[in-house]
Each structure stands twice: as C-alpha cells, then as structure tokens.
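Worksheet: one structure, shown below.
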Amino acid sequence: MFHRLLDRRSVWSSLIGVIAFCGFGCLSVQPCPADVVAYLTPSRAAAAERFETDLVFSGTVDAIGDIVEWINLDVVKSTINAVPLTDYGRVRFDATARFASWFDGQQFGSGSPGFESQIVLESFLPDPPVPFEITNTDAFEIGTLTFDYSGLGLQPGDTISLDIFGGSDGSSTRTTSVAIRPSGAQQTILVNPVYSSPLGSETSVFTIPTAIPEPSAALFLSLTLLGVCVRRSRRAPTEKGSGAFLEE
C-alpha cells in the first residue's frame with residue numbers, strides 16, 4: 001500500500017519501495033495486456049487569456065475489474081511555439097469531484113527541484129482510501145488543465161502544446177504513469193498510459209485567436225454606423241427636392 005508522498009524528491013523511490021514491499025515478484029512478470037487509455041480533449045478558450053483541456057481516462061476490456069490507485073502527471077514536453085515550456089506554474093490542475101480527495105493541491109511549478117513539471121494524485125490521501133475500480137470501458141474524467149498565457153506577448157496564430165506524455169527517468173515507465181492493481185491481485189504495478197483514443201491524444205494544441213472587439217466597443221461601432229446611414233437616407237430626399245426647386 002502506498003504512503004503519502006511528503007517529499008516529492010523521493011516520489012519514485014517511495015513508490016518503487018512500496019511496490020517491492022507488496023510483492024517483489026510482480027516486477028518480473030510479463031506486462032499485463034490490459035491498458036489504461038489517456039487523452040486530453042481538444043483545447044477550448046477560457047477567459048483572461050487562458051485555455052482549458054480535460055484529462056480523460058478509460059480502460060480496455062481486459063482492464064475491467066482493475067483498480068487505479070495512483071496517477072503521476074508530467075507536462076515537461078509542453079511547448080510554446082515549439083519552444084519547451086519552462087514556467088510550469090502557468091498550468092493549473094483542478095480535479096473532478098470523484099478524484100478531488102486524491103489531490104493535495106500542489107500545483108505544477110511548485111514541486112521539489114527536478115519535479116516542478118509533475119503533480120501526483122493518490123487514492124491513499126483520504127482516510128479511508130478511495131481507489132477507483134474500472135467497471136467498464138466508459139471514459140472517466142480525471143480533471144481539467146488550464147493554461148494561462150497572459151503576459152507572454154503571443155500573437156494570433158501562435159501555438160501552445162500542452163503535453164502529458166512525460167519523459168524517461170531511467171525506470172521502466174515514463175514520468176506520466178498510473179499505478180494499477182489488477183483484478184484479484186494483491187500487488188500493484190506501474191504502467192504507461194496509451195494514447196490511442198479517437199477523442200484525443202497526449203497533446204492538446206491551442207492556437208492564439210484573432211482579437212475580437214469587446215462587446216461594448218462593437219455595439220458602439222454598430223450604432224455609429226447605423227446613425228450615419230440614417231442621416232444619409234434623410235438627406236437624400238431633401239437634396240433632391242432642393243435641386244428641383246432651383247430648376248423651376
């Protein structure tokens with residue numbers, strides 16, 4: 001069973017130690033055919049120069065009955081105009097109600113040195129633990145990621161790629177990974193999510209939109225143009241009548 005990870009610098013060593021304690025033999029078994037599918041939904045604009053995307057999981061048929069106990073997310077591969085993101089604090093995570101108790105509130109950018117691009121969700125934070133059982137192949141939403149691009153001076157057409165694929169740290173899994181306890185088993189194993197959903201992938205790309213006038217400014221412009229048209233329509237008969245009078 002996992003212990004609360006008080007020091008993010010030891011997140012992987014703690015997890016590996018716990019897995020070994022639960023059952024060292026599980027590290028040498030063949031990979032489970034069951035998969036956890038993960039994806040980010042298409043990005044959508046939000047207020048105040050932000051965009052949002054939802055993190056969604058689902059299980060394959062072989063994963064039904066398996067238990068999700070722990071999720072590590074890493075946005076290290078995210079980019080701005082193909083340049084690697086360095087200010088991870090621009091990314092905010094908000095868990096859904098089902099997974100809110102898994103999240104201790106530590107956001108991207110605030111972790112220990114070397115772990116600033118990562119956050120952890122674990123089912124053992126509440127008491128008692130509330131792991132998630134995969135009961136079917138339906139998608140289940142984990143939370144929403146919000147990217148704040150204000151103050152970056154980006155222009156319309158510039159792009160931001162929010163990426164959760166994760167990187168390599170020398171272990172058998174990437175830094176975005178999921179701890180699963182297979183159905184009927186006592187041991188927990190780490191697996192890499194797969195990104196094979198037609199609804200999204202590990203990356204959600206947002207393109208800076210063309211500026212749209214504020215509603216009040218657009219309304220003022222419309223009323224001004226309407227006033228000009230009305231004045232012109234009123235002047236036209238008067239000018240024609242005046243010309244006729246002079247001809248007489």
Side-chain angles (χ1 to χ4, degrees), residues 8 37-58 71-111 115-122 125-126 132 138-167 175-176 193 195 197-227:
R8 295 308 170 100
V37 180
Y39 63 90
L40 294 175
T41 60
S43 61
R44 57 185 180 272
E49 296 186 283
R50 293 176 171 84
F51 73 88
E52 298 173 342
T53 176
D54 300 319
L55 173 64
V56 182
F57 280 9
S58 64
I71 302 169
N72 198 82
L73 294 177
D74 193 351
V75 295
V76 69
K77 289 188 176 294
S78 301
T79 61
I80 300 176
N81 287 331
V83 177
L85 175 68
T86 55
D87 184 2
Y88 302 112
R90 289 187 172 275
V91 184
R92 175 180 175 82
F93 177 80
D94 292 289
T96 60
R98 174 61 182 82
F99 294 95
S101 62
W102 289 34
F103 185 47
D104 64 3
Q106 181 168 301
Q107 292 289 342
F108 294 104
S110 61
F115 292 88
E116 297 92 341
S117 63
Q118 303 180 35
I119 62 170
V120 174
L121 291 85
E122 50 180 317
L125 280 180
F132 182 87
D138 293 345
F140 51 97
E141 185 177 331
I142 306 298
T144 297
L145 295 128
T146 303
F147 193 104
D148 180 356
Y149 60 90
S150 61
L152 292 177
L154 298 179
Q155 302 299 314
D158 289 345
T159 59
I160 300 171
S161 296
L162 192 53
D163 191 306
I164 59 166
F165 189 78
T175 49
T176 289
Y195 303 97
S197 172
L199 301 177
S201 67
E202 70 275 15
T203 305
S204 186
V205 179
F206 181 77
T207 302
I208 306 301
T210 302
I212 300 175
E214 293 292 333
S216 57
L219 179 60
F220 175 78
L221 180 60
S222 299
L223 292 176
T224 301
L225 292 175
L226 179 61

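Index from 1, following the sequence. The model shown is predicted, which means the values in this text are computed figures rather than measured ones.
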With sequence neighbours excluded, tell me which residues meet side-chain contact (heavy atoms from CB on, under 4.5 Å) with Pro209.
Tyr149, Phe206

With sequence neighbours excluded, what pairs up with Glu52 under the salt bridge (Lys or Arg N to Asp or Glu O under 4.0 Å) test?
Arg44

Asp148: partners by side-chain hydrogen bond (donor to acceptor under 3.5 Å, both in side chains), with sequence neighbours left out
Arg50, Ser150

For Gln106, does its backbone N or O pair with a side-chain atom of Asp104 as donor and acceptor, under 3.5 Å?
yes

So, using ring pair (Phe, Tyr, Trp, His ring centres under 6.0 Å) as the criterion, who are the partners of Phe147 when residues are at least two apart?
Phe51

Counterpart residues, side-chain hydrogen bond (donor to acceptor under 3.5 Å, both in side chains), relative to Glu116 (two or more places apart)
none

Could you state the interatomic distance from OG1 (Thr41) to CG (Leu199), rounded to the nearest 0.5 Å?
9.5 Å

Those residues that, when tested against Phe165, pass ring pair (Phe, Tyr, Trp, His ring centres under 6.0 Å) (two or more places apart)
Tyr195

By ring pair (Phe, Tyr, Trp, His ring centres under 6.0 Å) - contacts of Phe99 (at least two apart)
Trp102, Phe132

Selection residues 84-95 - residue pairs positive for salt bridge (charged side-chain N to carboxylate O under 4.0 Å, His left out), sequence neighbours left out
Asp87-Arg90, Arg92-Asp94

Are any of the side-chain heavy atoms of Leu40 and Leu55 separated by less than 4.5 Å?
yes

Which atom names give the shortest non-hydrogen contact between Val120 and Phe103, and what distance separates them?
O-CD1, 3.9 Å

Let me check something: any side-chain donor-acceptor pairs from residues 153-162 under 3.5 Å, sequence neighbours excluded? List them with distances.
residue: Gln155; atom: NE2; partner: Gly153; partner atom: O; Å: 3.2
residue: Asp158; atom: OD2; partner: Gln155; partner atom: N; Å: 2.7

Less than 4.5 Å apart, side chain to side chain, heavy atoms only: is that true for Phe115 and Thr175?
no

Sorted by chain and number, sequence neighbours left out, side-chain hydrogen bond (donor to acceptor under 3.5 Å, both in side chains) with Thr144 holds for Asp54

Side-chain donor or acceptor of Thr96 paired with backbone N/O of Glu141 under 3.5 Å:
yes

For Ser117, what residues pass the side-chain hydrogen bond (donor to acceptor under 3.5 Å, both in side chains) criterion, not counting sequence neighbours?
Asp74

Taking only residues two or more places apart in sequence, or in another chain, which ones meet Phe57 in a ring pair (Phe, Tyr, Trp, His ring centres under 6.0 Å)?
none

How far apart are the closest heavy atoms of Ser58 and Ala139, and which atoms are they?
CB-CA, 3.8 Å

Smallest separation among heavy atoms of Ile164 and Thr176, with atom names
O-OG1, 2.7 Å

